[in-house]
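Both backbone and side-chain heavy atoms feed into the values below; hydrogens, waters and symmetry mates do not.
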Amino acid sequence: MNLWETLLELIIAAIAVASLLSNVLVLLCFASSAEIRAQVPGVFVLNLSFCNILAATVTMPSTMLGVARGGKPFGDLYCWILSFADTFLTTNTMLSMAALSIDRWVAVVFPLTYSSKMRYTRAFAMLGYAWLHSLAFALTPVLLSWADYSPTYASCTIVRPDHSHTAHIPFTVFTALLHGASFALSLTVLCLAYLKVLQVARFHCKRIDVVTVQTLLLLVDIHPSVKERCLLEQKKRRQRATKKICVFIGSFVLCFSPYVITRLTELVPSVRINRHWGTVSKCLVYSKAAMDPFVYSLLRQQYRKALIGMTNRILGRNAYSSSGHSSSSDTENECNLQHVG
């Protein structure tokens, strides 16, 4: 075992531990907070965390064993199961992120009718489609014997058939459909939804800025520094909304696009993917499972309150200050950006 393989094992192990702990925290927050359970986005976050926990406990350890042993870590049956889990969990997480972006688009664009448009029945219908979609694409390669161990990715996944040239065309079509209906579809939904959210948020901020400036002009006796602070706060809110949306879309592209592009590139018969790069692209996909709890939940006010409450109960403290420690400005900012973040 060389230094590179040892480093990859440590990276995968660190990602698995971080993913498991952070996503378990999300589940604990969901179980302990009635406020979180009452919100429709909590259903999507719960499904996302469930998939991430399975990835951290099933697919990541198998890839780490594949790197350590330099070959198939288990027999054919287990490899088929791992290949199914790999495709299913990756596709499901992508569609869950797309569902979250749709929910936030509805919340920002239709704030007055959000509660009627995004009911639990519709949320479960969206998750039902995500599960059926993922199951269909995960079962197909197993049934067609396209599931095996890939040295390129050090994991059990979809593998191009080598025994027959006639199988290359169906495999190529399936691979293109898989990534088109998962990565490309989800990325398109994310971009359209969040860019619309940003457009509406900026429009409302401009309206607030106009009212703020007109009010400040009427208050001729107010100190100039106070006026500057008010205008600066409005600018910070716009920047925060932009940064959040960049994180949503940027983390998705950064973690998934190298792997998807690599899988599409290897469809060309003359192309051979370097196994080190293949494993690194797989690690980038795994890293998204560690990012998701912080991108979508743990940094939000409701989840912070739930974490503080759980900590206080464990330590036997009074939870009277669980919401009082946040300053008024933080609370105000969170209220203005809660639908974006």
Is the distance between the ring centroids of [X] and [Y] under 6.0 Å?
X    : Y    : answer
Y259 : Y153 : yes
F248 : F252 : no
F44  : Y296 : no

[atom1]-[atom2] distance between [X] and [Y], expressed to the nearest 0.5 angstrom:
X    : Y    : atom1 : atom2 : value
S186 : F256 : OG    : CZ    : 8.5 Å
T59  : L82  : OG1   : CG    : 8.0 Å
D292 : L48  : CG    : CG    : 4.5 Å
S257 : L264 : OG    : CG    : 11.0 Å
R104 : K244 : CZ    : NZ    : 8.5 Å
K196 : L198 : NZ    : CG    : 11.0 Å

Does a salt bridge link R272 with E266, judged by any charged N lying under 4.0 Å from a carboxylate O?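 No, this pair does not count.
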Taking the basic N atoms (NZ, or NE/NH1/NH2) and the acidic carboxylate oxygens, is any pair closer than 4.0 Å for E5 and R69?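 No, this pair does not count.
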Please confirm whether the backbone N or O of [Y] pairs with a side-chain atom of [X], one donor and one acceptor, at under 3.5 Å?
X    : Y    : result
D103 : A99  : no
T140 : F137 : no
N312 : I308 : yes
R122 : K117 : yes
S155 : T63  : no
S145 : P141 : no
T90  : T87  : no
R304 : L299 : yes
N23  : F50  : no
S116 : T113 : yes

Side-chain contact, heavy-atom cut-off 4.5 Å: [X] with [Y]?
X    : Y    : value
I53  : L27  : yes
M97  : M94  : no
Y114 : V40  : yes
T157 : W146 : no
C283 : L8   : yes
P293 : L298 : yes
S251 : K288 : yes
R313 : S32  : yes

Where do [X] and [Y] come nearest, in terms of heavy atoms and distance?
X    : Y    : value
S281 : G278 : OG-O, 2.7 Å
V159 : D148 : CG2-O, 3.3 Å
M310 : C29  : CE-SG, 3.8 Å
L65  : P73  : CB-CB, 3.8 Å
P41  : L100 : O-CD2, 3.9 Å
M64  : E9   : SD-O, 3.6 Å

Which atom pairs, one a donor and one an acceptor, fall under 3.5 Å between side chains of residues 170-182 and the rest of the protein, sequence neighbours left out?
| from | atom 1 | to | atom 2 | distance (Å) |
| --- | --- | --- | --- | --- |
| T172 | OG1 | H168 | O | 2.7 |
| T175 | OG1 | F171 | O | 2.8 |
| S182 | OG | L178 | O | 2.5 |

If hydrophobic clusters are built by linking Ile, Leu, Val, Met, Phe, Trp and Tyr wherever their side-chain heavy atoms come under 4.5 Å apart, do [X] and [Y] end up in the same one?
X    : Y    : answer
V106 : L112 : no
I36  : F294 : yes
I249 : V108 : yes
F124 : I102 : yes
L20  : F30  : yes

Dump the intermediate steps for side chain to side chain contact (heavy atoms under 4.5 Å, CB included) on S33 and Q302, then the final yes or no. CA-CA 8 Å; S33 174; Q302 296 94 333; 5.6 Å; no
Show your working on side chain to side chain contact (heavy atoms under 4.5 Å, CB included) between C51 and N92 and close with a plain yes or no. CA-CA 7 Å; C51 292; N92 203 331; 3.7 Å; yes
For C255 and V285, what are the C-alpha separation, side-chain angles and deciding distance, and is it a side chain to side chain contact (heavy atoms under 4.5 Å, CB included)? CA-CA 5 Å; C255 293; V285 174; 5.9 Å; no
Could you check whether S96 and N47, counting side-chain N and O atoms only, form a donor-acceptor pair closer than 3.5 Å?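 There is such a pair (donor and acceptor under 3.5 Å, judged by atom type) between the side chains of N47 and S96.
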From CA spacing to verdict: side chain to side chain contact (heavy atoms under 4.5 Å, CB included), S19, Y286: CA-CA 8 Å; S19 302; Y286 290 155; over 6 Å; no
Any pair counted as ring-ring contact (aromatic ring centres under 6.0 Å, His included), so long as it reaches residues 70-100, sequence neighbours left out: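 Every ring-ring contact (aromatic ring centres under 6.0 Å, His included) pair that includes a residue of residues 70-100, provided the two are not neighbours, is F84-F88, F88-W131.
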Intermediate values then yes/no, ring-ring contact (aromatic ring centres under 6.0 Å, His included), W105 and F110: CA-CA 8 Å; W105 170 73; F110 307 102; 5.5 Å; yes
Residues in salt bridge (charged side-chain N to carboxylate O under 4.0 Å, His left out) contact with R119, at least two apart in sequence or another chain: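 Listed in chain order: nothing, the list is empty.
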